[in-house]
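Notes follow once the structure below has been shown.
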Amino acid sequence: QVQLVESGGGLVRTGESLTLSCATSGQLFPSLTISWFRQAPGKEREFVGGISWKSLFETYADSMEGRATAARDYYKNTMNLEIHSPKPEDTAVYYCAATFDGRTSESMSDYEYWGQGTQVTVSS
């Protein structure tokens with residue numbers, strides 16, 4: 001069973017550093033493709049960015065291209081998402097999702113495992 005635990009959320013100001021972490025079991029970590037999704041109030045959950053297993057591929061939503069960097073930390077068994085110069089429109093609950101099924105996908109249905117989410121609020 002894969003368990004995902006998000007951390008790093010909270011209140012940040014526009015332009016401040018924001019890094020989210022998704023932690024999972026060390027034994028399974030290298031085999032997982034891990035992505036981040038987010039859901040803003042009144043909106044559908046959307047893909048933000050992700051890294052495939054073995055870090056072969058990185059994929060970002062068009063809205064995040066150039067504004068976010070995803071990286072795997074094999075010592076801490078975490079997948080970290082850094083959002084550069086966050087904006088108020090980045091305010092949402094951010095969810096970590098994982099699958100053993102290869103490449104990153106922007107479709108929620110392609111992920112079998114989900115974390116509980118972490119709230120991010122960006123103030124101007």
Side-chain angles (χ1 to χ4, degrees):
Q1 181 71 14
V2 176
Q3 292 186 326
L4 304 173
V5 179
E6 301 101 334
S7 62
L11 176 64
V12 297
R13 295 183 182 274
T14 300
E16 288 184 343
S17 174
L18 174 62
T19 300
L20 305 175
S21 291
C22 176
T24 187
S25 166
Q27 191 173 10
L28 300 173
F29 180 72
S31 302
L32 290 168
T33 287
I34 303 176
S35 292
W36 286 91
F37 288 75
R38 67 184 182 186
Q39 187 165 17
K43 294 188 177 181
E44 293 186 351
R45 196 172 297 189
E46 63 177 4
F47 175 79
V48 178
I51 299 182
S52 68
W53 73 298
K54 292 188 177 181
S55 304
L56 294 176
F57 303 101
E58 289 181 40
T59 308
Y60 300 95
D62 289 343
S63 62
M64 303 304 294
E65 195 70 50
R67 293 209 306 122
T69 302
R72 301 177 76 117
D73 184 329
Y74 288 93
Y75 290 102
K76 296 181 178 179
N77 297 319
T78 60
M79 195 282 244
N80 303 318
L81 178 73
E82 181 179 2
I83 299 178
H84 313 295
S85 299
K87 307 173 184 179
E89 50 263 45
D90 292 320
T91 294
V93 177
Y94 284 72
Y95 296 90
C96 177
T99 178
F100 287 107
D101 197 16
R103 290 192 178 203
T104 55
S105 168
E106 298 188 18
S107 174
M108 290 176 53
S109 62
D110 288 333
Y111 296 86
E112 300 87 55
Y113 308 101
W114 290 84
Q116 293 298 308
T118 184
Q119 174 71 48
V120 171
T121 304
V122 183
S123 64
S124 57

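Numbering of residues begins at 1 and proceeds along the displayed sequence. Just so it is clear, the values below take in all heavy atoms, side chains as well, and ignore hydrogens, waters and symmetry mates.
- Considering SG of Cys22 and CD1 of Ile34, their distance stands at 5.0 Å, rounded to 0.5 Å.
- Within the 4.5 Å cutoff, the side chain of Tyr95 has no heavy atoms near those of the Thr118 side chain.
- When the side chains of ILVMFWY residues are joined at heavy-atom separations under 4.5 Å, either directly or via intervening members, Val12 and Ile83 end up in a single hydrophobic cluster.
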Are Ser109 and Ser107 close enough, and set up right, to give a side chain to side chain donor-acceptor pair (under 3.5 Å), and what steps lead you there? CA-CA 5 Å; Ser109 62; Ser107 174; 2.9 Å; yes
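- With values rounded to the nearest 0.5 angstrom, Thr69 atom OG1 is found 9.5 Å from Met64 atom CE.
- Leu18 contributes atom CG, which lies 7.5 Å from atom CG of Leu81 (distance to the nearest 0.5 angstrom).
- Looking only at side-chain heavy atoms (C-beta outward), Glu46 and Arg38 come within less than 4.5 Å of each other.
- Annotation: Glu44, atom CD; neighbour count of heavy atoms from other residues, nucleotides and ligands within 6.0 Å does not exceed 12.
- Here the side chains of Phe29 and Thr78 are not in contact, with every heavy-atom distance at 4.5 Å or above.
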Ring pair (Phe, Tyr, Trp, His ring centres under 6.0 Å) assessment of Phe47 paired with Phe37: CA-CA 4 Å; Phe47 175 79; Phe37 288 75; 5.5 Å; yes
For a side chain to side chain donor-acceptor pair (under 3.5 Å) check, start with the C-alpha distance between Ser55 and Tyr74, then their side-chain angles and the critical distance, and finish with the verdict. CA-CA 11 Å; Ser55 304; Tyr74 288 93; 3.1 Å; yes
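- For the pair Glu65 (side chain) and Asp62 (backbone), a donor-acceptor distance under 3.5 Å is absent.
- In this structure, Ile51 and Thr33 have side chains that are not in contact, with every pair of non-hydrogen atoms separated by 4.5 Å or more.
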Quick one: do Met79 and Leu32 satisfy side chain to side chain contact (heavy atoms under 4.5 Å, CB included)? Show the steps, please. CA-CA 10 Å; Met79 195 282 244; Leu32 290 168; over 6 Å; no
Determine, step by step, whether Glu89 and Val122 satisfy the side chain to side chain contact (heavy atoms under 4.5 Å, CB included) criterion, reporting the C-alpha distance in whole Å, the side-chain angles of both residues, the deciding distance to 0.1 Å, and the verdict. CA-CA 8 Å; Glu89 50 263 45; Val122 183; over 6 Å; no
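- Closest non-hydrogen pair, Thr104 versus Ser52, comes out as CG2-N, 3.5 Å.
- The number of heavy-atom neighbours closer than 6.0 Å to CD of Gln116, taken from other residues, nucleotides and ligands shown, is 12 or below.
- Between the side chain of Thr24 and the main chain of Gln3, a donor-acceptor pair closer than 3.5 Å is present.
- The main-chain N or O of Cys96 is found under 3.5 Å from a side-chain atom of Glu6 such that the two form a donor-acceptor pair.
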After noting the C-alpha distance and the side-chain angles of Ser35 and Tyr111, does the key distance pass the side chain to side chain donor-acceptor pair (under 3.5 Å) rule? CA-CA 9 Å; Ser35 292; Tyr111 296 86; 2.7 Å; yes
Apply side chain to side chain contact (heavy atoms under 4.5 Å, CB included) to the pair Gln119 and Tyr94, showing each step before the final yes or no. CA-CA 6 Å; Gln119 174 71 48; Tyr94 284 72; over 6 Å; no
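- Contact between Pro88 and Thr14 at its shortest, heavy atoms only, is CD-OG1, 3.6 Å.
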Dump the intermediate steps for side chain to side chain contact (heavy atoms under 4.5 Å, CB included) on Glu82 and Leu20, then the final yes or no. CA-CA 6 Å; Glu82 181 179 2; Leu20 305 175; over 6 Å; no
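- In this structure the side chain of Ser17 reaches within 4.5 angstrom of the side chain of Thr19, judged on heavy atoms.
- Checked against side chain to side chain donor-acceptor pair (under 3.5 Å), Glu112 has the following partners two or more places apart in sequence or in another chain: Thr99.
- A distance of 7.5 Å separates OG of Ser21 from NZ of Lys76, quoted to the nearest 0.5 Å.
- In this structure, Arg45 forms a cation-pi arrangement with Trp114, its terminal cationic atom sitting closer than 6.0 Å to the ring centre and no more than 45° off the ring axis.
- One distance of note links CG of Asn77 with CZ of Arg72; it measures 9.5 Å at 0.5 Å rounding.
- Between Leu4 and Tyr113 the shortest side-chain heavy-atom distance falls below 4.5 Å.
- The side-chain heavy atoms of Asp110 and Asp101, taken from C-beta on, include no pair separated by under 4.5 Å.
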